[in-house]
Trainee: 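This is the structure I want to talk about, given as structure tokens.
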Amino acid sequence: MKTYNRLLVSNLLSCISIFLTKPLSEATIITVLYITVIWEVCKINGNGTTLENIHRAAKAEFLEKGYKDASLRNIVKSVGMTTGAFYGYYKSKEDLFEAIVGEHYAYIFNRFIKTKQEFTMLPAVRQLEVMSDISWFCMNDILHYAYEHLAECKLILCCSEGTKFDGLIDEMVEIEADVTHAYQNVLRQLGRPSPQIDPTLEHILITGMFHAFFELIIHEMPIENAEKYIKEMHAFYTAGWIKIMGQ
């Protein structure tokens, strides 16, 4: 990178020399053309801001080794900066990881919990009518968001052990279980009693459901295939839950 920068400076100086020795119009054209080419080369080679380069290097390191085994020294070295300079941007490796995945974790989790909250606030009869559709829209939205931010979401799902982002699926399972119990109470209120589900079986089924969903993202299924699979999985799990709940 330093060699490349020296070459760039040298060539820019050559342009200035041309500017001083050629007619203004010709010198201007040459300089503009050269800077344009250099700018395009920089973009192709990913030569962004220092912060962008740190994030790019960090994503590669975290995806390859996971958060626990990732080396901050390797990240800093690959960017061509000192550790001291890095600490001008982030206090720690954990802060760096959070900067990369934090907003994406928040989107997925908040999108999920908002859907569940809105569902439980619906009138009892309405919950019965929209139960299947509302969960489908939520998971479909999360799927497309994840594909738009694939590297960051894979970091959350596969590489976040040792961080506060490691428990996404566990948190979603717990919320889903609570909503399931509340829905069973709604069924009883409507005169459609639902038998108690064995807690262990319930946990296994809900956990399996979320793992099946996130497998699509982890394995980077082509989006058209993922859309098809999520529809089929949703139909499968909806039919299964209706059966277990005695409906």
Side-chain angles (χ1 to χ4, degrees), residues 101 104-150 152-158 160-161 165-247:
V101 307
H104 307 294
Y105 181 100
Y107 181 90
I108 293 172
F109 184 74
N110 291 336
R111 178 68 174 87
F112 177 75
I113 198 170
K114 181 181 179 182
T115 297
K116 299 306 175 180
Q117 289 171 343
E118 291 176 347
F119 176 74
T120 57
M121 293 177 67
L122 292 172
V125 175
R126 186 62 179 154
Q127 287 190 34
L128 200 63
E129 294 172 346
V130 303
M131 184 271 290
S132 177
D133 290 340
I134 200 167
S135 62
W136 154 250
F137 287 127
C138 175
M139 300 313 288
N140 188 56
D141 181 63
I142 291 175
L143 177 73
H144 282 87
Y145 181 87
Y147 269 72
E148 291 171 5
H149 308 278
L150 195 56
E152 293 82 358
C153 290
K154 286 186 69 174
L155 286 174
I156 295 169
L157 296 168
C158 307
S160 61
E161 183 181 358
F165 304 104
D166 186 28
L168 176 63
I169 292 179
D170 290 338
E171 291 188 74
M172 294 176 76
V173 168
E174 185 176 342
I175 293 168
E176 185 71 21
D178 290 341
V179 173
T180 299
H181 301 157
Y183 184 68
Q184 286 183 291
N185 290 332
V186 167
L187 290 174
R188 296 184 186 103
Q189 294 171 18
L190 295 173
R192 303 177 60 167
S194 175
Q196 182 176 356
I197 304 173
D198 178 88
T200 301
L201 175 62
E202 178 184 66
H203 180 80
I204 291 171
L205 291 175
I206 296 175
T207 302
M209 179 176 69
F210 283 115
H211 276 290
F213 170 73
F214 284 118
E215 281 291 299
L216 302 174
I217 299 163
I218 292 171
H219 292 292
E220 301 183 28
M221 298 279 184
I223 186 62
E224 60 274 12
N225 291 350
E227 291 172 335
K228 174 185 175 182
Y229 294 151
I230 192 178
K231 288 181 181 179
E232 294 177 348
M233 287 191 297
H234 182 262
F236 174 82
Y237 280 105
T238 297
W241 282 111
I242 289 173
K243 178 68 174 179
I244 289 175
M245 290 181 178
Q247 304 302 304

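All values reported here derive from a predicted model rather than from experimental measurement.
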Trainee: Is there a donor-acceptor contact under 3.5 Å from the side chain of Glu224 to the main chain of Pro222?
Mentor: no
Trainee: Measure the spacing between CD1 of Ile230 and CG of Asn225 and express it to the nearest 0.5 Å.
Mentor: 13.0 Å
Trainee: Before giving the answer on side chain to side chain contact (heavy atoms under 4.5 Å, CB included), spell out for Leu216 and Met233 the whole-Å C-alpha distance, their side-chain angles and the decisive distance to 0.1 Å.
Mentor: CA-CA 11 Å; Leu216 302 174; Met233 287 191 297; 3.5 Å; yes
Trainee: Can you give me the closest heavy-atom contact between Gln184 and Pro195, atom names plus distance?
Mentor: NE2-O, 3.0 Å
Trainee: What's the separation between atom CE in Met172 and atom NE2 in His211, rounded to the nearest 0.5 Å?
Mentor: 11.0 Å
Trainee: For the residue pair Phe210 and Phe112, is the inter-centroid distance of their aromatic rings smaller than 6.0 Å?
Mentor: yes
Trainee: Assess whether side chain to side chain contact (heavy atoms under 4.5 Å, CB included) is satisfied between Ile113 and Glu171, documenting all intermediate values.
Mentor: CA-CA 10 Å; Ile113 198 170; Glu171 291 188 74; over 6 Å; no
Trainee: Rounded to the nearest 0.5 Å, what separation is found between the CD1 atom of Ile108 and the CD1 atom of Ile217?
Mentor: 6.5 Å
Trainee: Sub-3.5 Å donor-acceptor pair from the side chain of Gln127 to the main-chain atoms of Leu122, do we have one?
Mentor: yes
Trainee: Could you check whether the rings of Tyr107 and Tyr145 sit parallel, tilted or perpendicular, using 30° and 60° as the cut-offs?
Mentor: parallel
Trainee: What pair of heavy atoms forms the shortest contact from Arg188 to Asn185, and how long is it?
Mentor: NH1-OD1, 2.8 Å
Trainee: What are the two closest heavy atoms between Met221 and Tyr147, and how far apart are they?
Mentor: O-OH, 2.5 Å
Trainee: Decide side chain to side chain contact (heavy atoms under 4.5 Å, CB included) for Lys154 and Phe214; before the verdict, give the C-alpha distance in whole Å, the side-chain angles of both, and the deciding distance to 0.1 Å.
Mentor: CA-CA 9 Å; Lys154 286 186 69 174; Phe214 284 118; over 6 Å; no
Trainee: Counting distance only, does the side-chain N/O of His234 pair as donor-acceptor with the main-chain N or O of Ser132 below 3.5 Å?
Mentor: yes
Trainee: Quick one: closest heavy-atom pair of Ala124 and Gln189, and the distance?
Mentor: CB-OE1, 4.4 Å
Trainee: Once rounded to the nearest 0.5 Å, what's the spacing between atom CD of Glu232 and atom NZ of Lys228?
Mentor: 5.5 Å
Trainee: Can you tell me if Asn140 uses its side chain to pair, donor with acceptor, with the backbone of Trp136 under 3.5 Å?
Mentor: no
Trainee: Report yes or no: does Glu161 contribute a side-chain atom to a donor-acceptor pair with the main-chain N or O of Asp166 at less than 3.5 Å?
Mentor: no
Trainee: Under 3.5 Å, side chain of Tyr237 to main-chain N/O of Ile206, donor-acceptor pair present?
Mentor: no
Trainee: Going from CE on Met209 to OG1 on Thr238, what distance comes out if it is rounded to the nearest 0.5 angstrom?
Mentor: 8.5 Å
Trainee: Please lay out, stage by stage, how Arg111 and Thr115 fare under the test side chain to side chain contact (heavy atoms under 4.5 Å, CB included).
Mentor: CA-CA 6 Å; Arg111 178 68 174 87; Thr115 297; 2.5 Å; yes
Trainee: Between Met245 and Gln247, which heavy-atom pair has the shortest distance, and what is it?
Mentor: O-NE2, 2.9 Å
Trainee: Give the minimum heavy-atom separation between Ala146 and Cys153, together with the two atoms involved.
Mentor: CA-SG, 3.7 Å
